[in-house]
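Everything below concerns the one structure shown next.
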There are 2 protein chains.
Amino acid sequence: MYNEDLSWKGLRRTDPDRPRPLADAVLRLIWQKKRISRAEIAGLAGLSRSTVSEIVGEILPMGIVAEVGEGPSRGGRRPIVLEFQDDACVILGVEMGATHVVVALTDLRGRVLMWISRDHDVRTDPVGTRALIEELCAICLAAPAAGDRPLVGIGVAVASPVDPSHPDRASTVVLPAWEGRLGLDVVARKFGVPLMVDNDANLGALAEHWWGAGQGVDDLAFIKLAMGIGSGHVIAGEIYRGATGVAGEIGHLSIDSQGKPCLCGLRGCLVTLVGAPALVERAAELAPSFPDSPLAGRIITIVELENAALAGDPLALQVAQEAAAHLGRAVAGLLNIMNPSMVIIGGMLARLGDLLLVPLRETIVSRTLVSSVAAAEIRAGGLGDLGIAVGASTMVLKAALADSRLFPRVDAGANGVATS
Amino acid sequence: MYNEDLSWKGLRRTDPDRPRPLADAVLRLIWQKKRISRAEIAGLAGLSRSTVSEIVGEILPMGIVAEVGEGPSRGGRRPIVLEFQDDACVILGVEMGATHVVVALTDLRGRVLMWISRDHDVRTDPVGTRALIEELCAICLAAPAAGDRPLVGIGVAVASPVDPSHPDRASTVVLPAWEGRLGLDVVARKFGVPLMVDNDANLGALAEHWWGAGQGVDDLAFIKLAMGIGSGHVIAGEIYRGATGVAGEIGHLSIDSQGKPCLCGLRGCLVTLVGAPALVERAAELAPSFPDSPLAGRIITIVELENAALAGDPLALQVAQEAAAHLGRAVAGLLNIMNPSMVIIGGMLARLGDLLLVPLRETIVSRTLVSSVAAAEIRAGGLGDLGIAVGASTMVLKAALADSRLFPRVDAGANGVATS
DNA sequence: TGGCCTTTGTACGGTGGCCGATCAAAGTAT
DNA sequence: ATACTTTGATCGGCCACCGTACAAAGGCCA
């Protein structure tokens, strides 16, 4: 007759172990505003100046916020400017793709200090991949750009669904050789920091939300176009994972019941129409009609196809337009079901920009009933190839800003000392 | 470079106007457990017994919780049992369909005390509809079942998207005659209580989550099969509305690019295949192949079709199976995108039960890649025709349990007096 | 049956987070 | 130079909640 679940939200007032519940909120505000005075914090956070003074007094010794002189007067005493020290700590973001590993070292504002990409057959070699991640992380941390600054944590993006309640569990479907377990805790122990895992498309969405095209938009979808097609969702500012962490398998939306069979058993899945292999194949099919194209009559790669489209080759353009039309049908479905404010196209094909987006928008607008759905913005991602790795780092940053105990203590004198 | 939005969650500790932030949480716990002692509350809520005593002392005078004798001893003093008074107040739930209005009077546990359904052309007659709602509400409140108990509020379900930030705004697409506004505030003023509005499928999902097939499941989708097809979503226990309140237009998922054109401009929309008119039409198409069917050779209604299927008529069964197959493709897409733990089929066609569900499940299992997605439960709704109206009432109950100030004061002596 | 322990609910003093009032410092407006 | 503003620190106070202590009322066991 009624819901037996005990965990009605907000039953516990706050975590009793956590001193000063509002301190983290103030820290976030400082992070957001970057430079801000105590009085401004009081105004924006709805706290009294006395409370803010007290809280700031506790935050300063942590070393991630510093007083940096005085600001302009607004008719009275000049305020002391508090500045968030973006370079007080570093974060590692790891992208585990199907055939490559990217490690990016960022500061506390998502800026990439250095990065390394290495081809590796991740899918079949778990042991080697773990060692490679450890090696690349160590290289990043030893680099001058890291400058001895303490590490907050390591974020890892995997190209496989991640169950939020069992983050170390790996999908045996996507990564059979990994035997159901990522085993990244050894990496965490090696560096003595927390390690967090999530799906790559989710983290792409997060990165675009924090630093890219989706800033200020609280409900967005991110579609990663590559070999496979995945989508990640940010709802109300949070990553949405669904009940079992596999939300976003947009690649297997069935677009055309008469289409080609897909590995998943459906016919006409989006991935069979818009995945990279499908596009290459389609180009080969169309080649006889475009004898003048430099692509005609030979085996091509997806990168060549993209370059040709950017160069204006009619064959490549036709392939892109067809892909956009197929994708548009799926995105229309996505819009109808999820109703995000924005859809961001990421991954390799995002390079095509308007070549893909213009026909995509046309398809969507002409195929969506409710006008406010069709009004959703469709954009290309703004973060390039490092977007996923930066998203992984952002996940750690977000966690630390939600619970400042995750920030390592920085000795007070070291404010931005090691950057130079 | 960073998110300019100020409203980072949890910045304000609590609403300062609201005394005792935990009092509402305790009240919810009492509601949930129905009968519970102070000591149990302390244990479950993580509060001290002294605090609970104090809070309960404040709740008791409200009249919605009463001490009802002592419970069994567990080795010591016998506990005083607190009981939530489900019949202390009543709530009105209104379903505004396309061609009918349902008003249900419920207690504080979703039980229907009385209900009235009236056919009315809602779409074209806003003034008459408002008057009708007022009339039916007044009848319910004057009935013996209401017993003079105070009204908490009125919930209204409308068969149109509802923008959460402008709840009184009506879609001019679905309800053109209403000129963009519902104008239900007059009803609220008439009865002097708060009035809340949401989409019908959303409220169906809510009702199933609280009282029906979806109890204990925090992520579920509700699909309303009727003239149109709508879906509502509960995510993490809350109704999900999307960025502009139009999440769930599953009816216009494109299933078949070679299908019939739809009003929305797409081809092969789900509603053109599984909507009630489409099913009737399909039955007529198939009739020549089933000359023995009692349905053959004449114009039939959807209800007749349903009844025939339940009676085992091969023609009707074929129509149902085809519908299930089409619906299965859409639900597979929904599962891939949203990954709910459960999908609940409601609306008229839910009457068919396993006739629809069995082929539906088959389609889904054979057409979904990730096994945990396919493991989502597919069920028929458990609340029948009043589900939507009960959901509307539940919306009000939920709001009152989240902010107990919405409960009217009940004079202490009147505990369940008027029920007889 | 009496003693001892447990459980429940209440009373009371204490604590910690936050606020308002106050004040000094340092600026602007006239 | 005077009056007013703004900022930040300090101090006392309030309130929600906690822990302790205690009384009432039960069970367990000799």
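A, B, ... follow the sequence lines: proteins, then strands. Residue 1 opens every chain.
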(request) Look at the aromatic rings of A:Trp31 and A:Trp210 and report parallel, tilted or perpendicular, splitting at 30° and 60°. (result)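 Aromatic pair A:Trp31/A:Trp210 classed tilted.
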Nearest-Å distance for atom pair [atom1]/[atom2], residues [X] and [N]:
X       : N      : atom1 : atom2 : answer
A:Glu58 : C:dG16 : CD    : P     : 12 Å
B:Leu82 : C:dG9  : CG    : C1'   : 11 Å
B:Ile36 : C:dG9  : CD1   : C1'   : 15 Å
B:Ile41 : C:dT7  : CD1   : C1'   : 16 Å
A:Leu60 : D:dA9  : CG    : C1'   : 14 Å
B:Glu54 : D:dA16 : CD    : C1'   : 8 Å

(request) Would you check if A:Met62 and A:Arg409 make a side-chain contact, meaning some heavy-atom pair closer than 4.5 Å? (result) yes
(request) Would you check if A:Leu47 and A:Val26 make a side-chain contact, meaning some heavy-atom pair closer than 4.5 Å? (result) yes
(message) Assess whether a salt bridge exists between B:Arg38 and B:Glu67, defined as any Lys/Arg side-chain N lying under 4.0 Å from an Asp/Glu carboxylate O.
(response) yes
(message) Assess whether a salt bridge exists between B:Arg405 and B:Asp24, defined as any Lys/Arg side-chain N lying under 4.0 Å from an Asp/Glu carboxylate O.
(response)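 Between B:Asp24 and B:Arg405 there is no salt bridge, as every charged N stays at least 4.0 Å from the carboxylate O atoms.
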With hydrogens left out and only the distance checked, is there a donor-acceptor pair under 3.5 Å joining [X]'s side chain and the base of [N]?
X       : N      : value
A:Ser50 : C:dG20 : yes
A:Arg77 : D:dT6  : no
A:Ser37 : D:dG8  : no
B:Arg38 : C:dG9  : no
A:Arg20 : C:dG17 : no

(message) If you assign B:Gly76 and B:Ile80 each to the DNA chain C nucleotide with the nearest heavy atom, which residue ends up on the more 5' nucleotide?
(response)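 Per heavy-atom nearest nucleotide, the more 5' residue is B:Gly76.
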(message) Taking the nucleotide of DNA chain C with the nearest heavy atom to each, does B:Glu67 or A:Glu70 sit closer to the 5' end?
(response)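 Result: B:Glu67.
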(request) Assign A:Arg78 to base, sugar-phosphate, or nothing according to its heavy-atom contacts below 4.0 angstrom with the strands shown. (result) sugar-phosphate
(request) Could you check whether B:Arg74 gets within reach of a base, just the sugar-phosphate, or nothing at all, counting any heavy atom under 4.0 Å? (result)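 Sugar-phosphate contact only.
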(message) With a 4.0 Å limit, can you tell me whether B:Thr51 has a side-chain N or O closer than that to the phosphate oxygens OP1/OP2 of D:dA16?
(response)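 Indeed not, no polar side-chain atom of B:Thr51 lies that close.
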(message) At less than 4.0 Å, is any side-chain N or O atom of A:Ser48 found next to OP1 or OP2 of C:dC19? Yes or no.
(response) yes
(request) Among C:dT10, D:dC18, D:dT7, find the nucleotide with the atom closest to the side chain of A:Arg49. (result) D:dT7
